[in-house]
Structures are given as C-alpha cells and as structure tokens.
Amino acid sequence: MKAGVMARTGTAMPGLGKGTGRKNMLERVVAIVTLALAIVFAMTIDGFATLGNFRVILSNSASLAVLSCGMAVVIISRGLDLSLIAQMIAGATIFGILITNGVPAPAALFVAIVAMIVIGILNAWLIAYVEIPAMLATLASAMLLVGLLRFAILRGEFLLLLPKSDPTVAFLAGDILPGLSVPVVLMIATLAASWFLLARSTAGKIIYAMGDNFQAARLAGLPVRTTLVVVYVFAGLTALVAGLIMAAASGAVDFRTVTNGTLLFDVILVVVLGGIPLRGGRGSVRNILVGVALIAIMRNGMTLMNVTTQTQDMLKGLVLLTAIVTDNYLNPRDAETDTVGDL
C-alpha cells in the first residue's frame, strides 16, 4: 500500500503540480490575466513600465512571496496556518528587542530561529498528536503569541522601533549589489528552499501523499506526524524571514499587521490564485510565482492610480472569491478528497 501511495503522488514530485488539463486551468488563466494587466498598466500609467518600478515591485512583494512559500507547503500537506502573520511579528519582535538591547545580530538571529522552530513544533504537536484541526490550533497559537508579546514584553504598545543605524537593519533594508536588494535575494533563497523541499526531498514526497489522501498515507506507514513537524517549522522559518524583511524596510515591528491588516488574506489569495487547491495534494513554486505576480502587479498599479486601500481590499476579495469558486469547479470534492475536518 505504501508503494501505491508513493506511486500516486509521483507525478507531483518534480514540484510542478499534480495533474494537467483543466486542473491547471486556473494557473493559466491567472498567468494570462497578469500579463494582460501588466500591458494595460504599462499603456495607461506613467512610470509603470520602468526598470525602477520593476525593482520596486520585486522589493515590495518579497515578504509576500516568502510568506506564500510557507503557506503553500502547509496547504499542499492538507493543512492551514492562521498563525503565520503572528509568527512573522513574533520573530521580528524577538530579533528587534535583542539587537536594541545590544545583543550581537548573529546571536539575536539564532535566538529568533530557535523561537520559530519551537513555535512550529508546538503547532505541529497540537495538530499531529493532540489532533486539533489545523485551523483551530494555529488560530489559538496566533492569539497566544500576540497576547504574550504585546502585553508581557511590549507593555501594551503596538510598535517596536528598530535602530535604523544598526548595521544589520541597514543591511536587510539595503542592496547586495546595485539594483539587487537584500529582500529580493532572501525571496529567491526562500523560493529555492521551497522548491528543494517539495521537489527533491523525501519529506516533499510525503507532503504530497498527505495532501492527496492523508488517511491512506498514514495507513501506508508514512511518517505523517514527523512530516507535519517539518511542514510547520518550515512555515515558521519563512515567517521569520518575512518579518525581518518588513521590519528592516519600515524600521519598526507593527502589531497592527496582525490585528488590523490583510496580509494573511493576501497570502491565502496568492496560494489560491496560483492554482494550489485548498484541499491539498498539488502545487509547486511555479504556482506561488504566478499568484505573487498577479497580486504584486495589481497592488502596484492600483497604488500608482491612487486607488484607496478599501477599494483595493474589495477588489482583492472579489478576485479571491472568484478563484475559490473556480478552484471548486476545477477540483471538485469526491469520496476520496472529501474529509471532514481536514483543515
């Protein structure tokens, strides 16, 4: 039976997504819409089709792409991580507090990494061993993280200011080479790590098997619980990278990103638009790139057109709803995939 599960997921192992034809239709449609939007914006908005604006789009979408990598891996495994933004803020807060108090940056980064690993293990333990649905477990851990950090450490404040003169903060917000920013390099590195995890590692094969049919994977003797630890720890580490990028760029850690922001919404939007089904089992880095490209171009174009934030949120909500309905049509539930409480 184990061989059967692995054989069934073999088509997904290259990281290019399982299935062809109409199952990839959403990805193709989104890619075409992205290209069309880019052409329309280039023709109608002054300054859109410039090298400088392209660099702005890349830098501004770096944290979104990094977070989407973590969420994509979780969703492919048939899970959901609602604590991703809280983890992002937690990692940036731990790092920021330590360097503000004179701790060397390498030591501060090490502590932040350990903290993210612990949080990821906690999420995976609640889901895999306590068997709490992923949506509820990660929602609870998000509330715990925000409450603990904001009230126990920041004493109720919303903002943690970072010293922009700190060499590490300046490095994270700067360029490695002229025209090549550190956030873009971190984005590329995270995309590469995601590709390796999904396409070249044993854990990646099990992730696809879990998403394809979790019960069959478990009955086949695959180490699904251990793999869930890998999945949620990886998601936590991507959250840390995104947190460092955002905090360095703005010079602050803003807890309102969790309480009032729509970043989690944007991350799920990227994953769904890219063609990764919410019921898991399919997806790749290519899907992430497609989704990020559309959202990044939409945000940049609408910002240059002075479209209000509320209108942007409304349009993104409409796009997400359309994508979910389309995904449900292209990937209908059946007796095999319809599992109560799979999230």
Within-4.5 Å side-chain heavy-atom neighbours: [X] and [Y]:
X	Y	value
Val253	Phe95	no
Met71	Leu80	yes
Ser83	Asn123	yes
Leu149	Phe255	yes
Gln312	Thr262	no
Cys69	Ile288	yes
Leu172	Ile245	no
Thr257	Ile85	yes

For [X] and [Y], which heavy atoms make the closest approach, and how far apart are they?
X	Y	value
Ala235	Val74	CB-CG2, 3.8 Å
Arg200	Trp195	CG-CH2, 3.7 Å
Ala137	Ile127	CB-CG1, 3.8 Å
Ala124	Val229	CB-CA, 3.5 Å

Please check this pair: side chain of [X] against backbone of [Y], looking for a donor-acceptor N/O pair closer than 3.5 Å.
X	Y	value
Arg78	Gly280	no
Asn287	Ser284	yes
Ser61	Leu64	no

| field | Partners meeting salt bridge (Lys or Arg N to Asp or Glu O under 4.0 Å) with Arg55 (sequence neighbours left out) | value | none

Is it true that [X] and [Y] fall in one hydrophobic cluster, defined by side-chain heavy atoms closer than 4.5 Å?
X	Y	result
Val56	Met246	no
Leu180	Leu191	yes
Val103	Leu160	no

| remark: When Ile76, Val270, Val290 are each screened for side chain to side chain contact (heavy atoms under 4.5 Å, CB included) with Ile276, the one that passes is Ile76

| request: Let me know which of Ile99, Asn101, Ile94 forms a side chain to side chain contact (heavy atoms under 4.5 Å, CB included) with Ile97. | output: Asn101

| Could you give all pairs that pass the ring pair (Phe, Tyr, Trp, His ring centres under 6.0 Å) test and reach residues 38-75, with sequence neighbours left out? | Phe41-Phe48

| said: If I take atom OG1 from residue Thr238 and atom CG from residue Leu186, how far apart are they, to the nearest 0.5 angstrom? | reply: 12.0 Å

